[in-house]
Amino acid sequence: MDLTSILGLVLAIASISLGDILEGGNPLHVVHLSSVIIIMPTTLCAAMVSTHAAAVKAAYKELGIVFLGAKINLSETIKNIVELSSIARRDGILSLEGRAAQIEDDFFRDGLSMVIDGRDAKSVKEDLEIKIEQLEHYYHTAAHYWITAGESAPTFGLVGAVLGLMLALQLLEDPTAMAAGIAGAFTATVTGIMSAYAIFGPWGAKMKANSHEIIQEKVVIMEGILGIANGENPRNLEGKLLGFLRPDQPKISQFE
């Protein structure tokens with residue numbers, strides 16, 4: 001689970017609410033149902049106009065990685081690759097056929113199967129690079145949908161405020177009702193800004209950041225498969241793959 005997404009949103013709302021309370025306000029007064037209805041659905045629908053239909057579908061389908069993380073264990077992936085490399089080095093590439101069928105990851109399984117089937121390393125690399133490029137594009141366009149929504153939300157907040165002011169100005173004969181209408185109108189501006197900078201925009205940025213781990217794993221798998229195809233020494237291959245780990249991740253070798 002990506003606690004930074006959940007804690008960030010909760011603490012952002014909590015801090016602005018606390019500031020409002022210290023100023024003598026009531027955060028609940030900012031929550032205006034009509035403003036939420038005007039701003040949020042309108043923003044999301046408008047973002048669809050500039051986004052490919054497949055990317056819109058992906059944006060909602062992959063939203064889970066914003067809160068749950070990419071669920072990638074790169075160290076475990078490297079360990080599995082090195083084990084396969086050791087088997088191939090000892091028993092030959094064809095000995096991996098049974099192991100390849102048990103691999104759940106489609107990218108890993110397909111790439112390793114290409115090598116087992118006798119494809120040369122260059123053509124395998126070209127095919128895998130195309131798949132990585134398409135996967136990167138998939139997540140980039142999905143994240144861009146939420147980023148676009150974040151860019152649009154403040155403007156629709158302004159639209160909501162103007163609509164509220166237009167209605168409020170029709171109540172000139174009742175100053176109390178007009179004041180309440182003006183106050184309600186400005187909640188649309190607050191809703192639009194919060195939607196942009198606390199919800200939609202951060203969702204898009206976090207989706208792009210977390211998807212980087214997914215792409216990185218595919219790159220590691222590709223390098224591992226090419227190393228197996230070229231008959232690299234498993235120890236040397238492991239050293240290269242461990243270089244993909246972040247500085248804060250332990251680089252533990254299987255050969256020590």
Side-chain angles (χ1 to χ4, degrees), residues 1-51 55-72 138-165 168 179-216 246-249:
M1 180 173 289
D2 193 333
L3 292 178
T4 58
S5 297
I6 299 172
L7 286 177
L9 179 58
V10 171
L11 293 177
I13 295 174
S15 62
I16 198 170
S17 298
L18 179 60
D20 189 30
I21 292 172
L22 292 176
E23 290 295 322
N26 184 347
L28 292 178
H29 292 166
V30 181
V31 182
H32 200 260
L33 182 58
S34 62
S35 295
V36 172
I37 293 174
I38 290 173
I39 308 307
M40 301 187 78
T42 305
T43 297
L44 295 176
C45 291
M48 292 181 184
V49 179
S50 62
T51 308
V56 175
K57 181 179 179 180
Y60 288 96
K61 180 181 178 181
E62 304 297 338
L63 187 59
I65 70 171
V66 172
F67 303 100
L68 301 178
K71 297 182 179 180
I72 297 297
Y138 171 81
Y139 281 107
H140 176 80
T141 53
H144 187 261
Y145 168 78
W146 294 111
I147 294 172
T148 301
E151 293 172 348
S152 305
T155 301
F156 286 111
L158 180 60
V159 171
V162 171
L163 291 175
L165 289 173
I182 293 174
F186 282 115
T187 62
T189 302
V190 175
T191 301
I193 294 173
M194 284 296 293
S195 297
Y197 299 109
I199 302 177
F200 301 142
W203 284 1
K206 181 57 71 71
M207 181 178 289
K208 184 182 293 186
N210 285 353
S211 68
H212 174 72
E213 296 182 16
I214 299 174
I215 302 301
Q216 185 185 47
R246 298 192 309 268
D248 62 313
Q249 293 178 307

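Not measured: the values here are computed from a predicted model.
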S.K.: Could you measure the distance from the CD1 atom of Ile38 to the OG1 atom of Thr43? Nearest 0.5 Å is fine.
M.R.: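 Reported value, rounded in 0.5 Å steps: 11.0 Å.
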S.K.: Please enumerate all residues that pass salt bridge (charged side-chain N to carboxylate O under 4.0 Å, His left out) together with Lys206, with sequence neighbours excluded.
M.R.: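 With neighbours one apart ignored, the set is Asp2.
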S.K.: Any heavy-atom pair between the side chains of Pro154 and Tyr197 that's under 4.5 Å?
M.R.: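 Sidechains of Pro154 and Tyr197: in contact.
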S.K.: Treating Trp146 as the side-chain partner and Ala59 as the backbone partner, does any N or O pair qualify as donor plus acceptor under 3.5 Å?
M.R.: yes
S.K.: Shortest non-hydrogen contact from Phe200 to Gly150?
M.R.: CB-N, 3.7 Å
S.K.: Compare every heavy atom of Val36 with every heavy atom of Pro41, then report the nearest pair and how far apart it is.
M.R.: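 In terms of heavy atoms, the two residues are closest at CD-O, 3.2 Å.
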S.K.: Count the heavy atoms belonging to other residues, nucleotides or ligands that lie under 6.0 Å from OH of Tyr60, then report whether that count exceeds 12.
M.R.: yes
S.K.: Taking Tyr145 for the side chain and Leu44 for the main chain, is one N or O donor matched with an acceptor at less than 3.5 Å?
M.R.: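 A pair under 3.5 Å: yes.
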S.K.: Is there a donor-acceptor pair under 3.5 Å between the side chain of Thr148 and the backbone N or O of Ala47?
M.R.: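 No, the answer is negative, given that no donor and acceptor are paired below the 3.5 Å cut-off.
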S.K.: Of all heavy-atom pairs between Ala143 and Met207, which one has the smallest distance, and what is that distance?
M.R.: N-SD, 3.7 Å
S.K.: Taking all non-hydrogen atoms of both residues, which atom of Gly160 and which atom of Ala188 are closest, and how far apart?
M.R.: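 The pair with the smallest heavy-atom distance is C-CB, 3.6 Å.
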S.K.: Nearest 0.5 Å, what's the CG-OG1 distance between Leu9 and Thr4?
M.R.: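 The OG1 atom of Thr4 is 11.5 Å from CG of Leu9, to the nearest 0.5 Å.
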S.K.: Take a 6.0 Å sphere around CZ of Phe186 and say whether it holds more than 12 heavy atoms from other residues, nucleotides or ligands.
M.R.: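 No - once you tally the heavy atoms of other residues, nucleotides and ligands closer than 6.0 Å, there are 12 at most.
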S.K.: List the atom of Ser5, the atom of Val66, and the distance in Å for their closest heavy-atom pair.
M.R.: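 Ser5 and Val66 have their closest heavy atoms at OG-O, 2.5 Å.
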S.K.: Which heavy atom of Asn210 sits nearest a heavy atom of Ala70, and at what distance?
M.R.: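 Between these two residues, the closest heavy atoms are O-CB, 3.4 Å.
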S.K.: Is it the case that atom CD1 in Ile16 sees more than 12 heavy atoms from other parts of the structure closer than 6.0 Å?
M.R.: no
S.K.: Under a plain distance cut-off of 3.5 Å, with no hydrogens placed, do Ser35 and Thr191 share a side-chain donor-acceptor pair?
M.R.: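 No, no side-chain donor-acceptor contact under 3.5 Å.
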S.K.: Please round to the nearest 0.5 Å and tell me the distance separating atom OG1 of Thr187 and atom CD1 of Ile39.
M.R.: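 Thr187 OG1 to Ile39 CD1: 8.5 Å, rounded to 0.5 Å.
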S.K.: To the nearest 0.5 Å, what is the distance between OG1 (Thr141) and NZ (Lys208)?
M.R.: 10.5 Å
S.K.: Hey, could you give me the CE/OG1 distance between Met40 and Thr42, rounded to the nearest 0.5 Å?
M.R.: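 Reported to 0.5 Å precision, the distance equals 11.0 Å.
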S.K.: How long is the gap from CG on Leu3 to CG on Leu68, to the nearest 0.5 Å?
M.R.: 10.5 Å
